[in-house]
Structure formats: structure tokens, C-alpha cells
Amino acid sequence: MPTSRRCSVSKPADPLPSRWPRLSPLAFALTMAALALVIASVGQVAPTPGQLVDGGPSLVRLVNRMSPPNLDPAFLTRIFWRIVETFQIAIAGAAIGIALSLPIAWFAARGVGPLGNVGAFLSKAFISFLRTVPDLVWALLFVATVGLGAVAGTMTIVVDTIGFCGRFFAEAIEDSEKEPQEAISAIGGNRLSILFGAILPEVMPSFVNTSLFALEKAVRSSVVLGLVGAGGIGQELKAAFDLFQYRNASTIILVIFLIVLGMEWATDRLRRKVQ
Amino acid sequence: MPTSRRCSVSKPADPLPSRWPRLSPLAFALTMAALALVIASVGQVAPTPGQLVDGGPSLVRLVNRMSPPNLDPAFLTRIFWRIVETFQIAIAGAAIGIALSLPIAWFAARGVGPLGNVGAFLSKAFISFLRTVPDLVWALLFVATVGLGAVAGTMTIVVDTIGFCGRFFAEAIEDSEKEPQEAISAIGGNRLSILFGAILPEVMPSFVNTSLFALEKAVRSSVVLGLVGAGGIGQELKAAFDLFQYRNASTIILVIFLIVLGMEWATDRLRRKVQ
Amino acid sequence: MLDLSPARPSTARGALSDPIVTTGGLRKSYDRKTEILKGIDLTIRAGERVALIGSNGCGKSTLLRCLIGLHEVSAGEVTALGETFTGLPAGAQKARLRRKTGFVFQKHCLVRRRSVLSNVIHGMMSEPGSWRAFSQMTAPETWRRAALEALAWVNLADKAAARADALSGGQQQRVAIARALVRQPALLIADEPAASLDPVSGQDVMALFTRLCAEHGITLLFTSHDMSHARSFADRIVALKAGRVLFDKPADTTTDADIEEVFRVEAR
Amino acid sequence: MLDLSPARPSTARGALSDPIVTTGGLRKSYDRKTEILKGIDLTIRAGERVALIGSNGCGKSTLLRCLIGLHEVSAGEVTALGETFTGLPAGAQKARLRRKTGFVFQKHCLVRRRSVLSNVIHGMMSEPGSWRAFSQMTAPETWRRAALEALAWVNLADKAAARADALSGGQQQRVAIARALVRQPALLIADEPAASLDPVSGQDVMALFTRLCAEHGITLLFTSHDMSHARSFADRIVALKAGRVLFDKPADTTTDADIEEVFRVEAR
Amino acid sequence: EALRFGVTDIEGMEAMQQEFGAFEKALEAATGHDIELYAMSSRTSAVEAINQGQVDLILTGPAEYVVIKELADPVIVAGWQRPNYYAQVVVLANGPVKSVQDLRGKRVTFGSIGSTSQHLGPAQVLADLGLKLDTDYRGEIIGRNVAVEALIRGDVQAVGMSEGHLKSIREAFPETGFTVIARGRDLPNDILVARKDLAPELIETVRKAFAEQGDALMAAVLQGDDNQKYNGGFFLTEIKDSDYDYVRSMYATIGVDTKSFVGD
Ligand SMILES: Nc1ncnc2c1ncn2[C@@H]1O[C@H](COP(=O)(O)OP(=O)(O)OP(=O)(O)O)[C@@H](O)[C@H]1O
Ligand SMILES: Nc1ncnc2c1ncn2[C@@H]1O[C@H](COP(=O)(O)OP(=O)(O)OP(=O)(O)O)[C@@H](O)[C@H]1O
Ligand SMILES: [Mg+2]
Ligand SMILES: [Mg+2]
């Protein structure tokens with residue numbers, strides 16, 4: 001400080017730190033390789049702006065073909081019941097999936113979970129595995145186990161939800177602020193105490209977001225439920241396209257959009273509640 | 001404090017706060033309704049434990065049918081090229097999608113973005129819209145615009161990626177620590193300064209996670225690329241199932257699983273780098 | 001940026017200069033139940049150094065934050081650096097106001113994943129070409145040098161390359177001070193700047209403030225729980241109690257009895 | 001939980017009681033370049049109150065954190081409350097050690113989205129049935145009462161229901177103190193407990209510590225930048241400088257010259 | 001006891017009720033057994049369901065039958081005739097392709113892998129006319145909706161589909177003209193099969209119901225909108241497995257050996 005005796009001793013020649021972070025040669029090479037890969041890929045398969053501009057008329061044609069949406073009351077009633085059916089399965093599947101994701105994500109969170117780093121890796125691998133095995137295989141398995149229908153549909157959604165929520169919950173847990181956790185640990189709290197005392201309050205908004213996204217995904221997903229003969233709004237949409245009933249399809253899309261918007265709104269409200 | 005003069009004035013009868021948070025009647029009713037809905041749905045469509053236990057033998061049978069994986073070199077070579085093809089499209093699509101998601105998510109983040117709350121809501125609605133419109137419709141649009149093939153595939157993945165990353169980026173931005181942002185704002189930083197100075201360093205781990213998940217999703221997604229005739233490993237997997245070549249399918253699943261694990265590992269490394 | 005060449009004439013003590021901050025009947029409540037500030041009338045003149053004292057939770061930080069629109073004012077009017085507002089200042093007003101203000105927070109609020117130097121460079125964010133202040137990578141050479149100099153003032157030049165969260169509590173506090181000083185603010189607001197500094201560093205920082213105020217005509221408003229700091233480094237002491245100004249006196253006429261009164265707890 | 005009935009006999013000053021914390025050649029470096037602690041030998045006896053002083057960044061917080069295994073010790077040995085370890089204590093050791101320790105952090109580290117009462121109840125987390133300490137909703141009535149009482153000690157009983165982040169800086173600090181005190185720790189480690197407290201609250205908190213130490217035989221190790229606190233509330237003062245113990249003296253024989261020496265900056 | 005009746009290619013229970021609700025009642029009346037309906041959108045899960053005994057009866061298409069026969073060895077109950085069930089190759093009316101021979105070296109898309117009318121049938125038609133898949137033309141699997149867009153745009157030159165598909169496409173694209181340049185023989189019938197370990201008396205009861213009360217049952221089937229494809233058709237009770245050898249040869253045409261299906 002200039003006015004104090006300290007000032008005189010502060011070496012005037014403290015060097016400016018280098019502008020760029022110092023990377024190890026390996027890290028540098030990897031970064032460059034990744035960049036080159038991205039650029040090469042983008043160069044080969046990205047659309048040119050001209051192509052995009054040309055798309056205007058096709059867009060108009062497509063929209064024309066899809067409008068006006070079919071608002072026939074009988075059709076709307078059918079759609080309504082399909083949505084009820086979908087929601088029932090989606091809510092149950094997402095709720096069970098979210099509940100199961102919580103402990104699994106805790107196990108999978110490095111440095112936080114109770115199983116150590118190896119356990120965390122294995123849990124992460126398990127979550128990835130649930131995600132990698134295609135829906136069709138789960139469908140086969142569940143059809144063989146519990147038969148065709150809503151129960152198998154629920155289980156397929158459970159698996160999908162764990163594959164998704166498990167990863168994002170674990171990430172939120174790993175990224176949550178360390179200080180309050182340290183504080184509880186210093187008082188003698190165990191890992192469970194840290195989880196419930198410090199981590200959960202902190203990650204709640206992120207969990208709400210992930211969970212409601214999982215629910216939304218379950219409602220939107222068209223493939224999964226059909227595979228096990230469970231039907232739902234997604235099937236109706238697929239059927240509309242298969243029969244080239246574009247006006248029916250646009251009605252269904254609009255309805256789903258309204259639902260998604262509603263859930264977006266609910267997510268926002270809930271997140272502000274737990275903020 | 002007991003030993004000080006303050007002690008004497010502290011009212012001894014400071015009441016214990018009530019155990020439960022006080023909810024407005026409306027909030028209470030809504031909470032109860034939501035709970036009832038979840039419980040009712042779970043009750044109707046959840047599997048019983050017995051059903052799950054019975055599933056063991058079917059699982060074994062299914063695994064038997066899928067093993068050993070087909071390791072024929074010719075087949076593996078084909079798979080390899082399919083994966084290269086898929087990666088090229090997935091990387092390009094995800095990279096463009098992530099790049100576009102950044103500004104959109106900023107617009108969509110309540111209280112942070114430059115467009116105000118209405119702008120944020122509209123941006124969120126836009127992101128939701130991209131997500132709601134089914135892949136098939138995007139495929140129709142892009143095929144009509146740029147023709148069948150890799151470019152249309154890339155664009156479909158771009159749209160999917162924005163629909164996903166837009167939401168999760170926006171959430172991360174909204175949830176990021178407020179104090180450093182306030183500090184920069186107090187010094188006269190504008191919204192862009194706050195974004196680059198305080199928010200981005202803070203949300204980097206979460207962005208890395210979301211982005212690499214989006215890339216993984218693009219690689220895994222079986223439907224999207226097939227829709228526009230861009231092929232890819234997902235298409236190969238679907239064909240293997242449709243033609244009941246289960247051993248081929250299991251090879252493909254294993255390969256995808258290895259890739260997913262690799263990306264999981266990369267995610268972890270990268271996130272620790274930016275931590 | 002501190003331009004160190006021709007020091008502006010410091011305002012003579014005692015001579016009444018122009019008001020730079022004025023509050024009229026400022027009230028603030030966070031919720032309907034309790035009002036934290038119950039009508040504060042305060043005038044701070046250019047070049048003055050004012051200490052704000054009061055017991056924990058009396059509303060010092062709240063008042064400081066209201067002055068630059070970090071909190072909405074519930075009632076009353078604030079005029080700071082020529083900008084008059086009620087509630088929150090409008091966008092453009094806020095920008096103009098904050099461009100000339102330096103603010104040191106009680107919680108130092110550094111960006112923990114960035115280097116110390118980057119954090120100080122953030123102080124340039126309201127200069128033209130502000131995007132270059134995003135981090136030390138993008139900053140122009142002059143800013144980088146200015147930031148390093150500001151760090152040298154608080155004796156942390158050797159930590160410039162360290163990550164902000166690898167610093168001790170007191171060191172972080174000093175980085176926040178450097179961030180507020182790197183550019184020459186007309187008004188410097190500092191919320192307990194010396195709270196976690198060791199005795200010598202605390203003295204040094206207060207002396208640095210005094211020197212900068214004298215040389216560049218900076219107006220200083222700071223809070224402190226260290227009465228010796230308040231008495232020796234401020235021209236004036238403003239004491240808050242129960243949401244009102246208890247007294248507002250020149251520092252040299254403030255007595256021990258006055259101070260005791262500030263922190264005395266009344267029967268509720 | 002503080003059991004207030006039959007106060008354990010406080011250890012008489014002067015009489016040498018058993019060591020409760022011992023470090024032998026404790027070294028600590030965060031990275032390869034600089035060693036923060038360069039061999040600390042320290043003995044703290046049961047019932048003592050020890051103040052740790054030193055300039056910013058000299059390693060006080062680092063030392064305190066090493067004692068309960070929050071940081072890995074690079075070299076040397078620590079014995080605390082009968083647990084001896086090098087590096088990091090093993091899981092079970094850590095649990096036993098921390099069960100008997102109260103720790104007040106320099107950054108108060110409250111869980112900001114929980115109520116003040118919940119935060120204090122967290123102090124019970126190492127008691128049997130620890131899950132009930134997750135929040136005030138699940139806690140048994142006795143713990144809730146004990147927490148409210150601890151809050152009353154620091155004069156915050158009326159804020160029990162507020163969210164932790166709705167408190168002022170000094171109030172948060174006091175909540176952290178209540179959290180460390182709510183259960184009767186054998187060893188209380190407090191990192192600048194009075195840093196952002198107003199003068200009277202600071203005195204009060206230090207007096208509270210003293211009283212609890214006397215009544216319950218608690219051992220106190222605290223850091224402070226307020227030399228008057230160190231001198232009047234500690235039995236012994238340990239000064240750190242340049243990674244070593246500069247002196248370790250009874251508080252009443254520490255002179256002003258000693259203290260000046262601690263904070264004097266040598267030419268580098 | 002209840003007979004579990006599954007239909008492939010129906011999307012969900014709701015749709016199943018709508019299409020086959022009336023038929024369910026009629027079949028209950030005709031057999032005296034309770035009937036439960038199940039929907040299966042994928043043939044993979046259909047195979048799984050019949051193998052695990054989750055359904056007793058499956059109504060399915062010819063290509064699926066060949067697979068199920070291979071993997072689950074079911075018992076044939078009755079054929080469901082679909083008049084006008086044939087595959088065709090569709091091109092743009094005003095496009096460059098005027099005959100099948102023009103398709104040499106061009107791109108042709110098939111709707112869904114292994115589907116009788118969209119993949120096997122059209123490929124067989126072209127093969128019958130001398131065009132070999134993947135040597136004389138490039139065959140790709142692309143959904144009908146996208147394929148039609150691509151056809152209009154000129155990316156592909158022909159699309160394989162059934163007669164019903166073309167009808168709905170003509171309705172959706174009134175401004176575009178489509179021409180059929182090749183058409184196959186009528187495809188084998190849809191078929192109702194029973195799982196192999198279902199009690200023979202039960203199978204006999206069902207078979208008798210179709211033989212004796214076919215008209216009533218068909219009238220009930222025709223209550224469903226999508227089931228109009230059976231309009232004018234009959235239940236055929238004299239169906240042999242060898243009737244489907246034509247489908248097996250179609251599989252061979254697309255390069256799939258039906259013996260290589262992996263079952264239990
Ligand atoms: N976000 C908030 N919501 C509700 N009440 C708040 C909030 N922030 C502060 N308060 C309350 O306002 C009062 C004043 O807080 P403030 O931070 O201004 O105190 P202070 O004078 O700066 O105290 P300290 O010396 O401890 O920093 C306190 O009683 C606090 O509980
Ligand atoms: N996580 C870390 N990584 C690297 N260096 C660190 C880290 N934490 C602290 N340091 C360095 O260690 C030294 C000692 O820090 P410490 O927090 O122990 O100081 P202190 O004595 O508590 O200071 P203060 O009085 O400011 O709280 C400082 O120079 C600091 O820069
Ligand atoms: Mg304050
Ligand atoms: Mg410290």
C-alpha cells in the first residue's frame with residue numbers, strides 16, 4: 001500500500017501473469033484435435049445459409065398442409081382421453097423413476113456419495129447403461145415380465161427417467177456449493193446428513209427442473225408406450241402421420257405444446273418456491 | 001447472551017417457530033391434489049414386486065438370445081463406419097445447436113437476460129416449441145428444404161439440441177450464484193458483462209454436462225437420423241431388431257455403451273477442469 | 001482507472017462542497033412486517049469521508065445497497081451523483097450512476113473460478129469497450145497493468161495469477177477492494193472493508209482510501225465495526241439505530257458516550 | 001447439547017491439564033511451489049483458551065482446518081481429542097473427532113435456503129438419531145428447544161424462523177456460532193468468530209465463550225484480528241508468521257512489541 | 001377362462017378398443033369365452049408376448065406371420081382377407097421415370113423395414129421385373145411421410161407402398177400427381193394364429209366361430225375405421241403355412257434368411 005511502510009518492500013516488478021492459461025502439451029493437442037474434429041464435421045454436414053433461405057416456401061407448404069387444425073369435437077374428445085391415458089402412465093413412471101434416481105444419483109456423485117469413487121463410477125456406468133439399452137429391449141423385457149399394457153409402459157418410462165434424472169441429479173449434487181457441506185461435515189455430520197442438510201436444499205431448483213423435464217419427456221415420448229401396447233397421445237400422433245392426416249397431427253401437436261407450456265410455467269413457479 | 005446486559009432484555013418467551021411451513025389454502029389444496037394424482041396413478045399402473053421378481057427368467061432368456069454378440073470382422077467394420085458417420089453428424093449438429101442455445105438460453109433466463117420477463121417467457125416458449133414439434137415434422141421440413149441426407153440430419157439434431165440445451169442452460173443461468181453477479185452489476189457492468197464475467201465461469205461445469213449429454217443423445221438417437229435417410233448407428237440397431245438379428249443388436253448396443261462410457265468419462269474430466 | 005498524474009484539488013475539510021449523495025425520508029422494508037429503515041435523511045458532500053456505524057442488523061448494508069439501486073427503496077427519494085430516483089433507478093440512470101461508483105461488498109463476492117487479476121479487471125466493466133473486461137485474457141494491456149497496480153496497492157501483486165478461491169479470507173477482501181479502486185470512482189462505498197483484515201492491513205487499507213480520496217477527490221462512504229477506524233479515517237460519523245439516524249457528527253466531536261449509546265440495547 | 005446443570009469443574013489456569021490437541025512438525029502446502037505451514041509444533045491443554053493470531057494469509061485458517069481433517073496434512077502428525085493421524089484422519093476417526101468438536105468457519109457457511117433454527121439444529125448432526133437433525137421439521141422437541149436457547153445466547157431467538165440468507169452479515173456469523181455451541185463440544189474451534197460483529201456483540205460472544213469454557217470445561221481455540229479480544233479472552237496467544245510459530249505465550253505476558261513483530265512486514 | 005386377443009400394428013389400447021370393441025363382443029358371443037384385447041405396435045414385442053404366453057391369439061400381417069412362425073411356431077386359426085392388398089411402386093406423374101426400367105441406378109425408398117406391403121412387396125415386384133436390390137437400384141428405408149417429400153423434391157425416384165397408403169397420400173397432396181409404375185400380385189392374407197400350447201379345444205372353438213358365424217364377425221370388425229381394409233373380404237379357414245412361402249421368397253429377395261431369425 002503506497003502510504004505505508006509495506007509499500008516500500010513490495011517488489012515493483014511483480015510480473016503480469018500470462019494472458020493464456022498454460023496447457024500441458026497433451027491437453028493442448030487434445031483441445032486442438034477436438035476443435036479440428038468439430039470444424040471438419042460442421043464444414044461437411046452443416047447447411048449453407050442459402051439452403052436455409054430456400055426453405056421458406058417448403059415451410060409455407062408444410063404449414064398449409066397442416067392447417068387448419070382439426071377441431072372436430074369428436075376428435076378432440078378422443079384426443080382428450082388419449083392425453084388422460086398418457087398422463088396417468090407418464091406421471092406414475094416419472095414419479096417412480098425420480099424417486100429411484102435420488103439414491104442412485106447420490107451413489108453416483110463423486111466425492112459426495114457413500115460408495116467412494118469406484119462406486120460412483122459404477123453407479124454412473126449403471127445409469128449410462130439404462131440409457132444405452134434401447135427402449136425396445138426394455139419393452140421386450142417388460143412385456144415378457146408383466147405383459148402388454150400400461151404396467152409395462154410405466155416400467156419403460158421408469159427406466160428412461162432413471163437414465164436421464166440419474167445423470168442430471170448426480171451432476172447437480174456434484175456441483176452444489178461446497179462450503180455448507182464442509183460446515184456440516186466439520187460438525188460431525190455423516191454423508192447422509194450432508195445430503196439432506198446441505199445438498200438437497202441447494203439443488204432443489206435444479207431437481208425440480210430436471211424432474212419436470214422428465215415428466216414432460218414421458219408425456220411427449222411417442223415411441224416408448226407404443227412398443228408395449230400402452231398407447232397414449234404419442235401413438236395417436238404417429239397414426240395421424242402414418243395416414244397422412246396432417247390436420248389431425250397439427251391439432252395434437254398444438255395440444256401437446258399447450259401442455260408443455262403449462263408444465264414450463266409450473267416448473268418456473270415451483271422453482272421460485274424452492275429458491 | 002447470558003453474561004451480558006443484553007441477556008436480561010432478551011424476552012425469555014421467544015416462541016419456537018412452527019414445525020411446518022405455512023402454506024396458503026390454495027397452495028395446500030394444489031399440493032394435495034398433485035400428491036393424490038401421483039399416488040392414484042402409481043397405484044393403477046405400477047408393477048407389483050411379485051411381477052418384477054417373476055421377470056428374472058425372462059431376462060435370462062432375453063440375454064441368452066442376444067449372446068454371444070456378433071463379432072464377425074466384416075460386421076464390425078460396417079458398424080465402425082456407421083459410427084463414424086453418426087459421429088460426424090452428431091458432432092456437427094450438437095456443436096451448432098449448443099452454440100445457438102447459448103444466446104437463446106440467455107434470453108430465456110428470467111431476471112438475467114436482456115429481454116425482460118416477457119422476452120424470457122417467449123424465448124422459453126420458443127425452446128419448448130422446438131421440443132414439442134416432433135422429429136418427423138422437422139424431418140419433413142428439412143428434407144423438403146435441403147434434401148435427404150446428412151445435412152437434413154444435422155439440422156434435425158440442431159433443433160433437438162436447442163430444445164434440450166436451451167432449457168437446461170437457461171435453468172443453470174437462473175440458478176447461478178447471485179452475489180458475484182450483483183458485484184459486477186454494482187460496478188456498472190451491463191447484462192453482457194454479468195453473463196461473461198460472473199455467470200459463465202459459474203455455470204461452466206453444468207454447461208459441459210448438458211452439452212456432452214446432448215452430444216451423447218445425438219449419437220444414441222436412433223430415430224432422428226433414420227428419418228431423413230442419414231443412416232447412422234441407430235438405424236442399424238433398429239434394422240437388427242426388426243429382422244430379429246439379436247446378436248447383431250447386442251454388438252451394437254455394447255459398442256454404443258462403450259462410447260457412452262467414454263463420453264461420461266470425458267464429461268467428468270472436463271467438468272473437473274472447469275471446476 | 002486511477003490517473004495518478006495531476007491530482008485534483010481535494011476538497012478542503014469543513015468547506016461545504018456540493019452534495020453528492022442525498023436521501024430524503026428513505027424507508028426500506030423487506031417484508032410487510034418489519035421496516036428496517038424508517039426514514040433516513042442523509043447528505044454526503046463531495047470529497048467527504050463518512051463512516052456509517054451501528055449494531056449488527058441495524059440496516060447499514062441495506063442503506064448502502066439502496067443508494068445505488070441494488071435494493072428497491074420502499075419510500076422516499078435518493079439522489080446520488082446527480083441521479084434522482086425513488087424505488088429503483090431506471091436502467092440508463094442506474095448505468096450512469098454505477099459507472100462512477102465503486103462498491104466493496106461485505107461478502108466480497110469474487111468470481112471464484114477466475115484469477116485474481118481477472119477479478120480486478122472486472123472493475124473496468126463500465127469503461128467503453130467493456131467486453132474486454134470479461135477476463136484478463138481479453139483485457140487490453142493498459143487495463144492489465146492498472147489491475148496489477150491496484151493489486152500492488154493492497155499488497156497482492158504476487159497473487160495475481162492465483163484463482164480467487166485459493167486466497168485467504170482477508171486476501172479476498174483486499175482483492176474486492178482493488179476491484180473497486182482500479183478505475184477512479186467518484187464515489188466509493190465500502191461495506192466493512194477492513195472486517196477480516198489483520199490490524200496492519202486494516203490500517204493500510206484505510207490509509208489507502210484516505211490517500212486516494214485526498215488525491216482524486218473521491219467521496220468515501222464506509223461502514224465499520226472498528227470504532228478506531230471510524231474515528232481516525234472519517235470526517236464524519238453517521239450512526240444508525242432502530243432504523244433511524246441516531247447522530248451525524250464530525251468524527252472529532254464524537255464522544256465515547258455517543259458510541260456507547262449506538263450499541264446500547266434498549267429493553268424491547 | 002449444553003447440559004447446564006452440574007457444571008464440570010473448570011481447569012484451573014496454570015495447572016497443567018492433559019493435552020487435548022498436539023501437532024508435531026505439521027506442514028501443509030496446497031501446491032508444490034509454496035509451503036504455507038512449515039512445521040508447527042503446538043500443544044493445547046484441556047480447558048485452555050488459546051488465541052491464534054497472524055497476518056492475512058499466514059495460514060491460521062489452514063492450520064485450524066488441518067486439525068480436524070478438513071485439509072490433508074502434508075507432513076507431520078496431529079493428535080486431537082485422542083485421535084492421532086497423519087494426512088487425513090480415517091473415516092471412523094474423523095467421525096469420533098468431529099463428534100466432539102464445534103467449528104465456526106470464517107465464511108459462516110450457513111445453508112441459505114433453510115431457516116435459522118434449522119441451521120442451528122444442524123449442530124446436532126453427530127448425535128444419535130442424526131437424521132432428525134436434517135431440519136427443524138424433523139427434529140425432536142428437545143433439540144428444537146436447545147437450538148432456540150443457543151440462538152437466545154447470541155440474541156437471535158426472534159429470527160429463528162427467518163431464512164438464513166435474510167440475515168445481515170453479523171447475524172449470520174452469530175447463527176454459525178450458535179450452531180457450533182448447541183451441542184456441548186469438548187473442543188471449540190472458531191475462525192474469526194467476532195470479525196463482522198459490532199463491538200458489543202463481539203464482546204458478548206467472546207464472553208459467552210469464556211463462560212461456557214469455564215462452566216463446561218470446553219477447550220477453545222480461536223483466531224482473531226482484534227488484539228484486545230486475543231489479550232482479554234485467551235489464556236495463551238500463539239502467533240504465526242511465515243509458516244512458523246513466532247511465539248507462544250501466556251496472554252498477560254504478551255507485550256505490544258510482540259504483537260507489532262507479528263504483523264511487521266519483512267523485506268522479501 | 002378368458003382368451004387374450006392381440007393385434008399387431010395397432011397403437012395402444014384406446015385405439016384397440018375403438019377398432020375391435022365391437023368384434024370383441026361378437027367373438028365373445030360366438031365362442032362363449034371372455035375376450036381380452038391387447039395392442040402391439042412392434043412385431044418384436046408381439047413375438048415376445050406370444051412366446052411368454054402373454055397373449056393367446058394374434059392377428060397379424062403376412063411378413064410378421066413368417067417371423068412368428070419361425071420363432072414361436074403358432075397354430076393357424078383363420079385367414080383375414082384384405083381385398084386390394086397389394087404392393088406398388090409409386091413415382092411422380094410428371095417425373096422422369098416412366099417405367100420400371102427407368103429406375104436403374106436410381107433411389108427407391110421402402111417405408112418400414114420388413115413390412116409386407118412397404119418393403120417386401122415392392123422389392124419383390126421390382127425383382128420380378130428384373131431389378132435387383134442394391135445392384136440395379138438403391139433401396140433405402142425411409143418413412144412414408146418423408147419419402148413423399150423427398151419424391152416431390154426429386155431426391156428419390158420411387159416409393160414402395162400399398163394401395164391404401166397411396167389413397168391417403170393423394171388426399172394429403174391434392175396438388176401433386178402420382179403414378180403407379182408397378183404393382184404386385186395380391187399379398188397373402190392377414191392371419192389369426194394361436195400360441196402353440198393353447199388348449200386344442202379352445203382353438204377349435206374359435207375356428208368354428210369363424211367358420212360358422214363369419215358374417216356376423218366380419219360385420220363387427222367393419223365397425224372400426226381402420227378395419228375398412230377388410231371390407232369385402234372373408235375369413236378363410238383353410239389356410240396352410242405354405243401359402244406364405246411367397247412371403248418367404250420376398251424375404252430372400254431383400255437378402256434376409258428367414259431361418260436366421262433368432263428365437264428361443
Ligand atoms: N433479503 C432479506 N430479506 C429479509 N430481511 C433481510 C434481508 N436482508 C437483510 N434483512 C434484515 O434486515 C436487517 C438489516 O440488515 P443489514 O444487512 O442491512 O444489516 P447491517 O447493518 O449491515 O448488519 P451487519 O453489521 O451485521 O452487516 C437485518 O435485521 C436483516 O435480518
Ligand atoms: N485452496 C487453496 N489453494 C491454494 N492456496 C490456498 C488455498 N487456500 C488458501 N491458500 C493460501 O494459503 C495461505 C494461507 O491461507 P489461510 O486461509 O490459512 O490464511 P489465514 O491466516 O486464515 O488468513 P486470513 O486472516 O486472511 O483469514 C494464503 O496465502 C492463501 O493464498
Ligand atoms: Mg452489513
Ligand atoms: Mg483465515
(message) Within the 4.5 Å heavy-atom criterion, are B:P180 and C:L110 side-chain neighbours or not?
(response) no
(request) Would you check if C:F134 and B:S193 make a side-chain contact, meaning some heavy-atom pair closer than 4.5 Å? (result) yes
(message) Using every non-hydrogen atom in the two residues, find where C:M125 and B:G189 come nearest and quote the distance to one decimal.
(response) CB-CA, 3.8 Å
(request) Could you point out which residue of C:R99, C:R98, C:R179 forms a side-chain contact (heavy atoms from CB on, under 4.5 Å) with B:I187? (result) C:R179
(request) Could you tell me which portion of B:L192 (side chain, backbone, both or neither) has an atom closer than 4.5 angstrom to a non-hydrogen atom of chain C? (result) both
(request) Taking atom CZ of B:F87 as the centre, report whether more than 12 heavy atoms of other residues, nucleotides or ligands fall under 6.0 Å from it. (result) yes
(message) Given heavy-atom pairs under 4.5 angstrom as the criterion, report whether the side chain, backbone, both or neither of C:R96 touches chain B.
(response) neither
(request) Evaluate the side-chain proximity of B:V274 to C:R113: yes if any heavy-atom separation is below 4.5 Å, no if none is. (result) no
(request) Measure B:Q181 against the heavy atoms of chain C and call it side chain, backbone, both or neither at under 4.5 Å. (result) neither
(request) Report, as yes or no, whether the 6.0 Å neighbourhood of atom CZ on B:R269 holds more than 12 heavy atoms from other residues, nucleotides or ligands. (result) no
(request) Nearest 0.5 Å please: distance from the CZ atom of B:F196 over to the NE2 atom of C:H122. (result) 11.5 Å
(request) Supply the atom-to-atom distance C:R112 CZ to B:E179 CD, rounded to the nearest 0.5 angstrom. (result) 10.0 Å
(message) Can you tell me if C:Y30 has over 12 outside heavy atoms packed within less than 6.0 Å of its OH?
(response) yes
(request) Could you pull out the closest heavy-atom pair between B:A186 and C:F103, with the gap in Å? (result) CB-CB, 4.0 Å
